[in-house]
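Heads up: the structure comes next, in structure tokens.
By convention in this document, chain letters (A, B, ...) are assigned in the order of the sequence lines, proteins followed by strands, and residues within each chain are numbered from 1.
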Amino acid sequence: MSTKPSIPQGTRDFNAATIRKRNYILQIIKQVFETYGYQPLETPAFENLETLMGKYGEEGDKLIFKILNNGLNNEKNIEKAKAGFALVLEGKNSSDITERALKYDLTIPFARYVAMNHTKLVFPFKRYQVQNVWRADRPQKGRYREFTQCDADVVGSNHLLNDAELAMMYDDAFNKLGLSDYTLHVNSRKILEALAQVCNATDQLVLITTAIDKLDKVSWDKLQIELSENGLTAAQLKTIETFISIDGNNEERLAKATHFFAGNPIAIKGLEEIEYVLQTASQAKIKVDFSLARGLHYYTGIIYEVKAPPTVKIGSIGGGGRYDDLTGLFGVNGIPGVGISFGIDRIYDVMEELQLFPENLETGTQVLFFNMGSKEASIAFQIMQSLRQKGVSAELYLEEHKLQKQFTYAEKKNIPFAVIIGSKEIEQNYCQLKNLQTQEQHIVVLDNLHEFLTTQPGYHQ
RNA sequence: GUGGUUGUAGCUCAGUUGGUUAGAGCAUCAGAUUGUGAUUCUGAGGGUCGCCGGUUCGAACCCGGUCAUCCACCCCA
């Protein structure tokens, strides 16, 4: 038996430097959320399985991490468990085997929360949520099995100002992060629906939209073959081809699309909505992209997807959209909403690659007190404590090692200052304060140590 | 779920057509240097070559399986 420790596929440990950088991202995004009046919410790591099942499409259901029931080997459960397992082997679910699952995203648990509390909430209800979610996907670049989502949603309002406001929140956050080279792709589920209508293929909506969503990777020639194999006629393909050839800047695209749909009422609605968001969130770097088709089944209006700067090869770093009736899934009708999500793990990877993190995030220990012998160390400890009381992050080297080792320790931990208090210094109530980067060394009277240290260049709170 | 890549020291990697005792750099530890280091010198420790099996006189190397990894597809943040 190998006892080599390991962590599950697609998960990560985060060290201090990584956590500081992640917190830097989170703090900026949370601050934007708060500024726009969104309130925090947290929901459990796991939900009842039936809350989650069927909300993410067939493929999504397969990617939900399910939790095995306890007590399956209990005698009174054993027959049920066997029958349930037979169902599982057929690819079905059985509450006799599993009735809870790790949450797959933040939107559905939020909808569940709203449905449970709709009589108490004040609408429009704006909340943000930063929590881990889990997907049983194969890990690869920019894809993890445990990752953090960062969502903002507003429910109980149909007003398009919400949609525009969320676009501005993307813009604010990415500008503050130094990712102002992002692009916010925008489309509307209504337009895609209208396309299916114009093609006389309303039952093929999913097929058509997922196909054109691949256009940036797969050529139209190949997609045509795939679509015709699925029963689309040459005339239908021609219509789709005309639609996806719409190009130009945002205004031109909207104009061409208006012409293309020739008065189709659903299309007109969708186009007007995009037009409104474009005008209201005019500072955001929006690109009208009719090939955008987010897979999630619950979107009904505007859909968003954020692309990283083109130099970084990574999938989307955020996404969202409008849904008319999410809580209807939980028996409460008439609560529309719209939301966005930041994929902070991917934002982290992008910022790391583009070196966008500020240098001074490493605010660990600021002062190392050297150990000059056991008597000296206990006096140094008292002096260190008085600094700690004033908020200075300090530590004392515990062992009586030679100075070489103590210096090396400080260097490895990126501690900017060393305080040396030996017998000579103790006699005359001063210490040696050394800046380890510049090698400058000062004689400082102990009473002045705090003030002197905290005003030194290179000192961080 | 499908396809491919790579598994050798703590880390990054060499290792010839299968041949005796598996190497390097970095890192670690000790000493030169008992109150001033990170860029000098000397030395030391460290390996079940992912795991299991097969072929062979002989396997880090060839074959089969398995696990892990990274990448791509599906889908997605």
Side-chain angles (χ1 to χ4, degrees), chain A residues 1-12 25 29 56-64 91 104-107 130-151 170 182 206 209-211 213-214 217-218 222 226 292-297 303-308 313-321 339-350 368 370-373 376 397 400-415 417-426 431-442:
Chain A
M1 274 295 276
S2 163
T3 54
K4 257 189 193 172
S6 63
I7 57 172
Q9 196 176 40
T11 65
R12 296 149 296 161
I25 297 173
I29 294 175
Y56 309 106
E58 254 179 68
E59 289 302 313
D61 283 356
K62 289 183 194 164
L63 300 180
I64 294 172
Y104 178 90
D105 74 352
L106 302 181
T107 308
V130 180
Q131 286 189 278
N132 281 354
V133 301
W134 293 267
R135 296 186 185 178
D137 225 339
R138 275 281 173 97
Q140 56 177 284
K141 188 177 183 190
R143 174 176 301 183
Y144 308 98
R145 289 185 140 182
E146 176 184 63
F147 64 98
T148 307
Q149 278 194 337
C150 206
D151 279 27
Y170 268 139
Y182 80 98
V206 175
T209 53
T210 53
D213 190 42
K214 288 182 209 163
K217 281 182 184 171
V218 187
K222 280 187 184 165
E226 191 187 317
L292 172 65
R294 293 179 46 74
L296 291 177
H297 288 172
I303 46 183
Y304 292 120
E305 185 154 314
V306 186
K307 300 268 190 317
K313 284 189 180 170
I314 201 160
S316 60
I317 55 175
I340 56 170
S341 180
F342 290 80
I344 79 143
D345 299 80
R346 285 185 178 178
I347 291 171
Y348 179 98
D349 289 347
V350 170
L368 179 68
F370 274 28
N371 189 322
M372 307 300 290
E376 291 86 345
Y397 195 94
E400 289 179 47
H401 286 160
K402 53 180 170 181
L403 293 192
Q404 188 173 348
K405 290 196 76 161
Q406 306 198 28
F407 275 117
T408 308
Y409 175 82
E411 189 206 352
K412 280 183 182 164
K413 288 196 67 171
N414 269 319
I415 300 173
F417 294 96
V419 169
I420 299 172
I421 302 173
S423 48
K424 280 186 289 183
E425 286 82 359
I426 289 170
C431 68
Q432 308 273 356
L433 178 70
K434 182 163 183 177
N435 180 323
L436 297 176
Q437 263 125 46
T438 63
Q439 311 227 39
E440 282 176 81
Q441 188 160 319
H442 299 276

Handout entry: Given RNA chain B, 5'-ward residue of the pair G10(A) and D137(A), judged by closest heavy atom
Key =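 It is G10(A), whose closest nucleotide lies nearer the 5' terminus.
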Handout entry: 5' priority, RNA chain B, between I7(A) and E59(A) [closest heavy atom]
Key = I7(A)
[atom1] of [X] versus [atom2] of [N]: gap in Å, rounded?
{"X": "K405(A)", "N": "rA38(B)", "atom1": "NZ", "atom2": "P", "result": "14 Å"}
{"X": "R145(A)", "N": "rA77(B)", "atom1": "CZ", "atom2": "P", "result": "17 Å"}
{"X": "Y397(A)", "N": "rG35(B)", "atom1": "OH", "atom2": "P", "result": "15 Å"}
{"X": "Y348(A)", "N": "rA77(B)", "atom1": "OH", "atom2": "C1'", "result": "17 Å"}
{"X": "D213(A)", "N": "rC75(B)", "atom1": "CG", "atom2": "P", "result": "8 Å"}
{"X": "K402(A)", "N": "rU33(B)", "atom1": "NZ", "atom2": "C1'", "result": "7 Å"}
{"X": "F417(A)", "N": "rA38(B)", "atom1": "CZ", "atom2": "C1'", "result": "17 Å"}
{"X": "M372(A)", "N": "rG37(B)", "atom1": "CE", "atom2": "P", "result": "12 Å"}

Handout entry: N/O donor-acceptor pair, side chain Q404(A) with base rG35(B), under 3.5 angstrom
Key =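 No pair found.
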Practice task
Give a yes or no on whether a donor-acceptor pair under 3.5 Å exists between the nucleobase atoms of rU36(B), that is its base, and the side chain of Q441(A).
Solution key: yes
Ignoring hydrogens and angles, tell me if any N or O in the side chain of [X] forms a donor-acceptor pair with the backbone of [Y] under 3.5 Å.
{"X": "D345(A)", "Y": "T148(A)", "result": "yes"}
{"X": "R12(A)", "Y": "E146(A)", "result": "yes"}
{"X": "T408(A)", "Y": "Q404(A)", "result": "yes"}
{"X": "Y170(A)", "Y": "E305(A)", "result": "no"}

Under 4.0 Å between any heavy atoms, over every strand shown, what does [X] touch: base, sugar-phosphate, or nothing? Just pick one.
{"X": "E425(A)", "answer": "base"}
{"X": "G142(A)", "answer": "base"}
{"X": "L436(A)", "answer": "base"}
{"X": "G318(A)", "answer": "sugar-phosphate"}
{"X": "K307(A)", "answer": "nothing"}
{"X": "Y144(A)", "answer": "base"}
{"X": "S423(A)", "answer": "base"}
{"X": "I420(A)", "answer": "base"}

Rounding to the closest angstrom, what is the interatomic distance between [N] and [M] at atom [atom1]?
{"N": "rU28(B)", "M": "rG15(B)", "atom1": "P", "result": "27 Å"}
{"N": "rG7(B)", "M": "rG45(B)", "atom1": "P", "result": "28 Å"}
{"N": "rG23(B)", "M": "rA60(B)", "atom1": "P", "result": "13 Å"}
{"N": "rC61(B)", "M": "rU16(B)", "atom1": "P", "result": "11 Å"}
{"N": "rC52(B)", "M": "rC70(B)", "atom1": "C1'", "result": "24 Å"}
{"N": "rC13(B)", "M": "rG65(B)", "atom1": "P", "result": "27 Å"}
{"N": "rA38(B)", "M": "rA77(B)", "atom1": "C1'", "result": "41 Å"}
{"N": "rC63(B)", "M": "rC76(B)", "atom1": "P", "result": "39 Å"}

Exercise for the section: Determine, using ring centers only, whether Y104(A) and Y56(A) are less than 6.0 Å apart. Expected result: yes
Practice task
Could you check K405(A), H401(A), E400(A) and say which one makes a side-chain contact (heavy atoms from CB on, under 4.5 Å) with N371(A)?
Solution key: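 The passing option is E400(A).
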Handout entry: Option from K434(A), Q441(A), E440(A) for which side chain to side chain donor-acceptor pair (under 3.5 Å) with T438(A) holds
Key = E440(A)
Handout entry: Side-chain ion pair, E226(A) and K214(A), N-O less than 4.0 Å
Key =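 Result for this pair is yes, salt bridge flagged.
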Problem - Minimal non-hydrogen separation, F370(A) against L403(A), with atom names - result: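 What the structure gives for the nearest pair is CD2-CD2, 3.5 Å.
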For the side chain of [X], counting heavy atoms from C-beta on, which of [options] is nearest?
{"X": "K141(A)", "options": "rU36(B), rC73(B), rA72(B)", "result": "rA72(B)"}
{"X": "Q439(A)", "options": "rG37(B), rC76(B), rU36(B)", "result": "rG37(B)"}
{"X": "R138(A)", "options": "rG1(B), rU69(B), rC74(B)", "result": "rG1(B)"}
{"X": "R143(A)", "options": "rG35(B), rG37(B), rC73(B)", "result": "rC73(B)"}
{"X": "S316(A)", "options": "rA38(B), rU36(B), rA77(B)", "result": "rA77(B)"}
{"X": "K434(A)", "options": "rG35(B), rG31(B), rG37(B)", "result": "rG37(B)"}

Practice task
With the side chain counted from C-beta on, respond yes when M372(A) and I421(A) share a heavy-atom pair under 4.5 Å apart, and no when they do not.
Solution key: no
Exercise for the section: Indicate whether F147(A) forms a stack on rA77(B); treat it as stacked only if centroid distance is below 5.5 angstrom and interplanar angle below 30 degrees. Expected result: yes
Handout entry: Modelled atom types, side-chain donor and acceptor of D137(A) and Y144(A), under 3.5 Å
Key = no
Respond yes when some side-chain nitrogen or oxygen of [X] is under 4.0 Å from OP1 or OP2 of [N], and no when none is.
{"X": "K412(A)", "N": "rA27(B)", "answer": "no"}
{"X": "Q9(A)", "N": "rU69(B)", "answer": "yes"}
{"X": "Q140(A)", "N": "rA72(B)", "answer": "yes"}

Exercise for the section: Just need the stems in RNA chain B: three or more back-to-back Watson-Crick or G-U pairs, each with both distances under 3.5 angstrom, sorted by first number. Expected result: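 Stems for RNA chain B, defined as runs of 3 or more consecutive pairs: B:1-4 with B:70-73, B:10-13 with B:23-26, B:28-32 with B:40-44, B:50-54 with B:62-66.
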